[in-house]
*Asks:* 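Can you read through this structure? Questions will come right after.
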Amino acid sequence: MAMLEILEFPDPRLRIVAQPVTRFDAALAQLVRDMFETMYAAPGIGLAATQVNVHQRLLVADVSEAHDQPLVLVNPRILAQHGAQTYQEGCLSVPGIFADVDRALAISVEAEDITGKTFMLDASDLLAVCIQHEMDHLQGKLFVDYLSPLKREMVRRKLDKRHRQAATA
Ligand code: GNR
Ligand code: NI
């Protein structure tokens with residue numbers, strides 16, 4: 001197992017659009033294990049491959065308190081969505097920043113598992129927030145993109161300053 005480095009905003013690699021997964025092999029299974037280890041250690045409720053600099057359509061999630069409901073979605077696509085909810089989001093790639101984001105309340109997602117088998121998942125509430133947030137990452141999109149330009153600029157300055165301090169510490 002290995003902990004993976006999580007890219008942080010405004011790293012331009014977070015803007016790369018992920019490509020579909022085509023090989024359901026041992027390397028994919030290992031990547032998924034490493035992503036879970038990294039996500040649980042962070043700690044976080046979801047992690048998109050983009051955040052660990054792998055530009056393939058793959059995400060992991062576990063919104064349970066006991067960390068006993070791991071989910072892997074390969075090549076996820078939203079088939080239906082309804083309702084609306086506002087949730088105060090955070091992101092491992094935008095550490096220490098939290099802001100309200102409006103999203104669908106419930107989604108029906110189709111995806112492959114790590115063996116390449118297609119399955120359907122109905123998600124609502126926090127799990128639906130998490131999957132939508134992770135699927136945004138796969139398109140190079142971050143939750144701060146939903147903020148006003150002024151607020152996003154404040155976030156960028158705050159993280160720039162923190163990155164400079166970390167570099168000279
Ligand atoms: O750990 C995370 N918590 C979270 C809280 C509210 C909305 C979305 C998230 S996802 C985030 C982990 C992360 O950055 N995934 O990309
Ligand atoms: Ni995130």
*Asks:* Holding to side-chain hydrogen bond (donor to acceptor under 3.5 Å, both in side chains), I want the full list of residues that pass it with E8, two or more places apart in sequence or in another chain.
*Replies:*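 Scan of E8 (side-chain hydrogen bond (donor to acceptor under 3.5 Å, both in side chains), adjacent residues dropped) gives H163.
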*Asks:* Per the salt bridge (charged side-chain N to carboxylate O under 4.0 Å, His left out) rule, what does the pair list look like for residues 14-27, sequence neighbours excluded?
*Replies:*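 Every pair satisfying salt bridge (charged side-chain N to carboxylate O under 4.0 Å, His left out) with a residue in residues 14-27: R15-D145, R23-D25.
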*Asks:* Please collect all salt bridge (charged side-chain N to carboxylate O under 4.0 Å, His left out) contacts where either partner lies in residues 132-144, sequence neighbours excluded, each pair once.
*Replies:*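 Listed once each, the pairs are R103-D136.
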*Asks:* As a quick check of understanding, evaluate side chain to side chain contact (heavy atoms under 4.5 Å, CB included) for E89 and V129, giving each step before the final call.
*Replies:* CA-CA 9 Å; E89 299 197 11; V129 168; 3.4 Å; yes
*Asks:* Same cluster for V17 and Y146 if Ile/Leu/Val/Met/Phe/Trp/Tyr side chains link at under 4.5 Å?
*Replies:*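 Different hydrophobic clusters.
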*Asks:* Measuring only between side-chain heavy atoms, which start at C-beta, is L28 closer than 4.5 Å to L58?
*Replies:*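 Answer yes - side chains close enough.
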*Asks:* Could I get the full list of side-chain hydrogen bond (donor to acceptor under 3.5 Å, both in side chains) partners for S108, not counting sequence neighbours?
*Replies:*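 Result, side-chain hydrogen bond (donor to acceptor under 3.5 Å, both in side chains) vs S108: D122.
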*Asks:* Give me each pair satisfying salt bridge (charged side-chain N to carboxylate O under 4.0 Å, His left out) with a member in residues 105-118, each pair once, sequence neighbours excluded.
*Replies:*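 Passing the test, one end in residues 105-118: R77-E110, R77-E112.
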*Asks:* Partners of R13 by side-chain hydrogen bond (donor to acceptor under 3.5 Å, both in side chains), sequence neighbours excluded?
*Replies:*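 In terms of side-chain hydrogen bond (donor to acceptor under 3.5 Å, both in side chains), with neighbours along the sequence ignored, R13 is linked to D11.
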*Asks:* Can you list the residues that meet the side-chain hydrogen bond (donor to acceptor under 3.5 Å, both in side chains) rule with D160, with sequence neighbours excluded?
*Replies:*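 D160: side-chain hydrogen bond (donor to acceptor under 3.5 Å, both in side chains) contacts with R156.
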*Asks:* For the CD atom on Q88, are there more than 12 heavy atoms of other groups (residues, nucleotides or ligands in this structure) within a distance under 6.0 Å?
*Replies:*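 Result for CD/Q88: enclosed.
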*Asks:* So how far is it from H133 NE2 to L59 CG, rounded to the nearest 0.5 Å?
*Replies:*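 It is 10.5 Å, given to the nearest 0.5 Å.
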*Asks:* Output a table of donor-acceptor pairs, distance under 3.5 Å, between side-chain atoms of residues 65-74 and any protein atom two or more places apart or on a different chain; print 'none' if there are none.
*Replies:*
from: D68; atom 1: OD1; to: S64; atom 2: OG; distance (Å): 3.2

*Asks:* Rounded to the nearest 0.5 Å, what separates atom CD1 in I131 from atom CG in L121?
*Replies:*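 It is 5.0 Å, given to the nearest 0.5 Å.
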*Asks:* Using a 4.5 Å cut-off between side-chain heavy atoms of Ile, Leu, Val, Met, Phe, Trp and Tyr, which other residues end up in the same hydrophobic cluster as M3?
*Replies:*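 For M3, no cluster forms, as it stays isolated from other hydrophobic side chains.
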*Asks:* Mind running side chain to side chain contact (heavy atoms under 4.5 Å, CB included) on M120 and V109 for me, showing each step along the way?
*Replies:* CA-CA 6 Å; M120 283 276 305; V109 187; over 6 Å; no
*Asks:* Hydrophobic clusters here meaning ILVMFWY residues chained together by side-chain heavy-atom distances under 4.5 Å, can you tell me if V155 and L14 are in one?
*Replies:*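 Yes, one cluster joins them.
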*Asks:* Are V21 and I78 linked, directly or through other ILVMFWY residues, by side chains that come within less than 4.5 angstrom of each other?
*Replies:*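 Hydrophobic grouping puts V21 apart from I78.
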*Asks:* Who are the salt bridge (charged side-chain N to carboxylate O under 4.0 Å, His left out) partners of R157, not counting sequence neighbours?
*Replies:*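 Per chain and number, R157 pairs via salt bridge (charged side-chain N to carboxylate O under 4.0 Å, His left out) with E153.
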*Asks:* Do side-chain atoms of Q81 reach the backbone of L105 as a donor and acceptor pair under 3.5 angstrom?
*Replies:*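 Flag not set: sc Q81 to bb L105 has no pair under 3.5 Å.
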*Asks:* So K161 and R164, do their side chains get closer than 4.5 Å, heavy atoms only?
*Replies:*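 Yes, their side chains come closer than 4.5 Å.
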*Asks:* Could you check whether atom CZ of F9 has more than 12 heavy atoms from other residues, nucleotides or ligands sitting under 6.0 Å from it?
*Replies:*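 For F9, atom CZ is crowded (more than 12 foreign heavy atoms under 6.0 Å).
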*Asks:* Taking all heavy atoms of A128 and all of A106, pick out the closest pair and write down the distance.
*Replies:*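 That closest heavy-atom pairing would be CB-CA, 4.4 Å.
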*Asks:* Examine I6 and I16 and state if one hydrophobic cluster contains both, with Ile, Leu, Val, Met, Phe, Trp and Tyr joined whenever side-chain heavy atoms are less than 4.5 Å apart.
*Replies:*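 No; tracing contacts between hydrophobic side chains, which count when under 4.5 Å, never links both residues.
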*Asks:* For the OG1 atom of T22 and the CD atom of Q56, what is their distance to the nearest 0.5 Å?
*Replies:*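 The CD atom of Q56 is 7.0 Å from OG1 of T22, to the nearest 0.5 Å.
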*Asks:* Flag yes if V52 and I114 sit in one hydrophobic cluster, no otherwise; membership is Ile, Leu, Val, Met, Phe, Trp, Tyr, and two members link when side-chain heavy atoms are under 4.5 Å apart.
*Replies:*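 Yes; tracing contacts between hydrophobic side chains, which count when under 4.5 Å, links both residues.
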*Asks:* Can you tell me how far OH of Y87 sits from CG of L126, rounded to the nearest 0.5 angstrom?
*Replies:*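 Reported value, rounded in 0.5 Å steps: 4.5 Å.
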*Asks:* Would you list the atom pairs, donor with acceptor, under 3.5 Å between side chains in residues 90-101 and any protein atom, with sequence neighbours excluded?
*Replies:*
from: S93; atom 1: OG; to: L7; atom 2: O; distance (Å): 2.8
from: S93; atom 1: OG; to: Q51; atom 2: NE2; distance (Å): 3.0

*Asks:* Enumerate donor-acceptor pairs with a distance under 3.5 Å from any side-chain N or O in residues 31-50 to protein atoms, sequence neighbours excluded.
*Replies:*
from: R33; atom 1: NH2; to: Q30; atom 2: OE1; distance (Å): 2.9
from: D34; atom 1: OD1; to: A2; atom 2: N; distance (Å): 2.9
from: D34; atom 1: OD1; to: Q30; atom 2: NE2; distance (Å): 3.0
from: E37; atom 1: OE1; to: A2; atom 2: N; distance (Å): 3.0
from: T38; atom 1: OG1; to: L4; atom 2: N; distance (Å): 2.9
from: T38; atom 1: OG1; to: D34; atom 2: O; distance (Å): 2.8
from: Y40; atom 1: OH; to: D62; atom 2: OD2; distance (Å): 2.5
from: T50; atom 1: OG1; to: H137; atom 2: O; distance (Å): 3.2

